[in-house]
Structure formats: C-alpha cells, structure tokens
Amino acid sequence: MVSQKEFTDAAFNQLLGEGKLMASRCKKCGALHLPPKPICVNCQEGNMEWTILKGKGKLAAFTTIAVGLPRMIQEGYGRDNPYCSGIVELEEGPRISARILDVDARNPQKLKVGMPLVVDFLERGEGENKRTLLAFKPV
Amino acid sequence: MYVKKRRLGRGVAIVGAGVSKFGSFSDKTSRDLFIEAFNELKQSVDRGIDPKDIEALYLGNHIGEYCEGQSLMAPIIAGYLGMIPKPATRVENACVSSGVALREGIIAIASGLYDIVLVGGVEKMTTLSTEGVTDALGSALDALYETPAGFTFPGIYAAMATTYMDKYGAKEEHFMKVAIKNHNNGALNPKAQFNTTIKDIMNGRIAKAKQKGQPIPTWVDEIEFLKDPKANPVVAWPMKLFDCSPITDGASCLLLVAEEVAKSFTDTPVYVIGTGQGSDYPLYEREDMTTILAAKFAAQEAYAMAGVKPEDIQIAEVHDCFTIAELVGIEDIGFFPSGGAIKAIEEGLTARDGAKPINTSGGLKSKGHPVGATGTAQAAEIWLQMRGQAGARQVPGKDISLALTHNVGGSGPTCAIHIYERR
Ligand SMILES: [Zn+2]
C-alpha cells in the first residue's frame, strides 16, 4: 500500500490517478504534508513516508467563480454557469484546494463552511494530456 | 511570534514622489507611463534633482511578459531615463513588486552602497481582456495546487472572505462599505481611475435609464445598488464587481536618499523609519485563513525597527485589492483586533474623517491597481498627506507625522510594510 515514489508533484498526481489521496508524513515529528513535501516544514528533516488519507473532510473555505480561468471557460463555465472551488480540511488535519462538485454554484449562500465532503477524482484530457484532478463532493 | 529588532545601517528619506494618471490608456506603454510619473517626481523635489545624480533603479513589474511581451523591464526604463549604464533591477513579487523595490532601495542606501536611488513600479494591464488578466494574475497563485482547483485571484480572496464571514459574522454589506468609503476618497483624487463616488455612479445609471426611456431602477442608496446583481455582478462570490480593484495602467516612483543628504533636497523629507517584509504559505496551508502571517510578521518587524506602536500611526494605505483584503489588512497591522474590522467599517473609523483614516488615495479599489506600481503609489500618497499636499482629500484636523503602508502580494504569500515619519 505504501508508495516508494519520491515526494513530488508528479507522484502525487500519479497517485490521484490511481484513486489515492496521499500525503507525506515526517518520520521524526509525525507532521503531515498535503500536497506532499520532501522536507518537513515543521522540523526541517528530510525523512518522510507516504501515508494514505481517508478522503473525508469538511469545507473550510469556498467561492463560486463566474469569471473563471481559461481552462474552466473551455469546460463550459462562465458568468451564467459558475463553478465552485474550495479548501477542504481533511479528517487527518491538513487542508487542500480542490474543485467542489455536485453543489449549486448559482446559490452560494446555501453552501456552508463546515459542510461534510468526500473525495472524488476528476478525469480531464485525453491520452498524454490525461490528468486526474482532486475534487470533493457533499457526503 | 518572535520578531528580531533590526535596524538600518543609516537613515533613509523620501525627497520626491510621482504618480502617473491611473486608468486605461490604449496609446501608452509602460515606458510612457513611467516617464509620466518620473516627470512629476522631478517637479516634486523642492530644491530639484539632477537625474544624472541617481545611482540605481529598483523597479517593480509583475506581468510585463503577459501584458506587453516584455520581461527585464528595469533596464528598458533606465534607458528611457538616461540612466545607462547604471544598475537597474526588476523586482517581481506580484502586487508587492514595488513595495519590495522600495525596500531594496532602502537597504541599498542603508548599506552605504548608494546615496540616491530611484524606486518605483509600472504595469500596463489593459492590453489584455478581463479573462487574460485573470489568467495572468492567476500565475501568482500556487500553480500546482490552487489553479488546478479552478481558483482565480479574486476567487482566493473570496474564499478568505467566506472563512472571515463564518468566523466573525461579517456580511456582504461590510465588504460593500469598504468599497463605498474608498470611492468617496478616490472621488477627490484626480489621479484615480474611478474618480467618482458609488452614489454618483448609481445616480448616473438612474439618469441614463430615464434618458433612454428604460425602466428606472429603484435603488434608494448605494447598498441597494451594490446588492443588485445587474449593477454589481458576482465575480467570485462573495466578491462582486465593486469588491474588486480594477484592471489598470499606471506607474509610480519615489526618490530615496541617505538621511544625511536629505535636507539638501527639501526642508520636509519623509523619513522611512521602519521596513518589514514577510512570507506565507498559499491560503490552503495557512493555520488561520482569516489573517495573513506575512503581513503580521512584516508589520511587527517594521514597528520594532521604528520603535512605534499601531496606536501611534495616524493614517495608512492598506492593500485593498479586494474589499475583504482591507478588513483583514487593518487587523494584521494591529489597528483593530481580530474580527474588529467589521465594527470599524460600520462605525466609520476608517473614513477620511475617522479615527484611523485608511486609503485616503481611494485605495486600489478606486484609484486603480496597476499591480507593479501599487506599492510605491501607496507611499506617494503618504508623501502628499505628510507634507499637507493632498488637496481636497487631505485628512482633516490632523498633522500627519506617522504613517504606514501595507502592500500585499498574491493571496498573501508576500507582504511589505513601511512606516514613515515627518520630523
Ligand atoms: Zn518533522
């Protein structure tokens, strides 16, 4: 289960592609790093191990975006069709930015900080450009 | 937070300042804008400056590559000022590019390396569409973990706003009141991009509707106007159009000199007695998402160096790239306790005639936010206020001898704070 990969962005994304949300844990002080970091920012040691996260958490901050990034506009989002981006606090402690799916982005007042979420994996692109994006959705 | 008390090797003073008109100028490049600011600076030096005496240039510029296909802006500008072959350095630190250029200029003089330094910044943004600017400014976010989640620059501040609303009970009206206040100040600033109050914008729309025979809007005040999604559409909820600083072309610059020669330029120099700079993680990694550690650290460093406290500071220019940023900013610089900015804006404490006037220039919201030029433009406003030269927007009833600028980059991963004294 535990990956032998280096603690890189590429490895994090490969693991996402396998349906795993994984963090690096400092063997010395136990601090969790998500996205993974090869050096512990807590004790500045470099002795890390991979750990899998349950993928359960709560919404810590969010927005619904009407003027989006070019990539999101290509996906069909826009001023009349906003999308939701958020920061999710995982049960294990760390927070991460993610797409928030299956919510009514036209009614942001109904979204609440603290609402429980579960991880989802969003496939984008074809062939060489295929990429798995981290997403969460309401439980 | 432990902050070491640092000191400059020798004193540094501002003896001149210039700001271009801020706005959208299809016929002006960065070079033209900077020269406009520099010409005003030359006029502002009471006993004059021979440009040949300037020893170095530190120039803030954030997205020249995106907007004009131009990196390495500093030597290009130096070439237009007749400064070749003297050193010219571009500082790129997102929206705090010229705030850090100012700091680098201070450090260079304090070290004894130079006596006379030009610092400034420039950004020419209106070459891009709104979507293009969103993309370019988005490059200051965490490109690996924030932009893949769809976050834009307004979106990150909007997310900060949702946590601030959740924690302290702020409402959308509080953000709107920041915009109304800053437009009230900007209406008195002839350099401002939006040189008009929100009330006048609203009345203008009503008059236009009448003239065109269209249904007449029923807004009774600015808050109702700002709550109307047709007048004030969402950009990234809860941030709406009038919560966001505009897309701006502009330039600004300051003439910095060693304290011992300052009086040969003017009888009323503005001394920089504190400088601080800090860094922070992207928003998702911050322990508390309602505050910016980079700003708190920079502020404490600047206060310690200056030997003054927040209560001593009379006015400040605070980085209101979005309205939420001003509320967080006035707490981070210690003017108000955590969550206390809500009461401050409700009670008008940060208005021009309030106890702690914030953004007398109109702020980024009304004056405009040519990102690389913003830091030194903030200092230029302090220069005017401290010398009693701010015209119609001069703070009433206060002789300004201590002031502060708070300049934040990106979503808060970088911040520069400066404290100024008029003796
Ligand atoms: Zn550790």
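This structure is a prediction, so every number in the text was calculated from the model and none was measured. Protein chains get the first letters and strands the later ones, always in sequence-line order, with residue 1 at the start of each.
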Leading residue by heavy atom contact count with chain B [cutoff under 4.5 Å; candidates [options]]:
| options | result |
| --- | --- |
| A:P94, A:G86, A:C84 | A:G86 |
| A:I73, A:V113, A:L111 | A:V113 |
| A:Q109, A:M72, A:E89 | A:Q109 |

Checking [X] against chain B: side chain, backbone, both or neither under 4.5 Å from a heavy atom?
| X | answer |
| --- | --- |
| A:A105 | neither |
| A:I100 | neither |
| A:Y77 | neither |
| A:P70 | side chain |
| A:Y83 | side chain |

State, to 0.1 Å, how close [X] and [Y] come at their nearest heavy-atom pair, and which atoms those are.
| X | Y | result |
| --- | --- | --- |
| B:A149 | A:R99 | O-CD, 3.4 Å |
| A:A61 | B:T163 | CB-CG2, 3.2 Å |
| B:L283 | A:R95 | O-NH1, 4.4 Å |
| A:R71 | B:T147 | NH2-O, 2.6 Å |

Electrostatic pair A:K37-B:E285, nearest N-O below 4.0 angstrom = yes

Carboxylate-amine/guanidinium proximity below 4.0 Å for B:E131 and A:R79 =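 Looking at B:E131 and A:R79, the cut-off is met.
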
[X] side, atom [atom1]; [Y] side, atom [atom2] - distance, nearest 0.5 Å:
| X | Y | atom1 | atom2 | answer |
| --- | --- | --- | --- | --- |
| B:L144 | A:T8 | CG | OG1 | 10.5 Å |
| B:Y284 | A:I96 | OH | CD1 | 5.5 Å |
| B:I156 | A:S85 | CD1 | OG | 8.5 Å |

When A:I65 is tested against each of B:V235, B:T152, B:T134 for side chain to side chain contact (heavy atoms under 4.5 Å, CB included), which residue passes?
->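 Considering B:V235, B:T152, B:T134, a side chain to side chain contact (heavy atoms under 4.5 Å, CB included) with A:I65 is found only for B:T152.
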
Among [options], which residue forms the greatest number of heavy-atom pairs with chain A at distances under 4.5 Å?
| options | answer |
| --- | --- |
| B:A158, B:G138, B:A161 | B:A158 |
| B:M165, B:K167, B:R286 | B:R286 |
| B:M160, B:M239, B:M289 | B:M289 |

For [X], does the [atom1] atom sit with more than 12 other heavy atoms under 6.0 Å from it, leaving out its own atoms?
| X | atom1 | value |
| --- | --- | --- |
| B:E287 | CD | no |
| A:N107 | CG | yes |
| A:E6 | CD | no |
| A:K5 | NZ | yes |

Proximity of residues 123-137 of chain A to chain B, residues having a non-hydrogen atom under 4.5 angstrom =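 So far as heavy atoms go, A:R131, A:L133 are the residues that approach chain B to under 4.5 Å.
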
Parallel, tilted or perpendicular: rings of B:Y145 and A:F12 (30°, 60°) = perpendicular

Flag side-chain contact, heavy atom, 4.5 Å: B:T162 against A:T63 =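 The answer is no, as the side chains (C-beta and beyond) never meet within the 4.5 Å cut-off.
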
Check the pair B:F151, A:L69 against side chain to side chain contact (heavy atoms under 4.5 Å, CB included), reporting the backbone distance first and the verdict last.
-> CA-CA 8 Å; B:F151 273 115; A:L69 295 172; 6.0 Å; no

Considering only heavy atoms, which portion of B:Y157 lies under 4.5 Å from any heavy atom of chain A: side chain, backbone, both, or neither?
->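 Nothing of B:Y157, per the 4.5 Å heavy-atom cut-off to chain A.
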
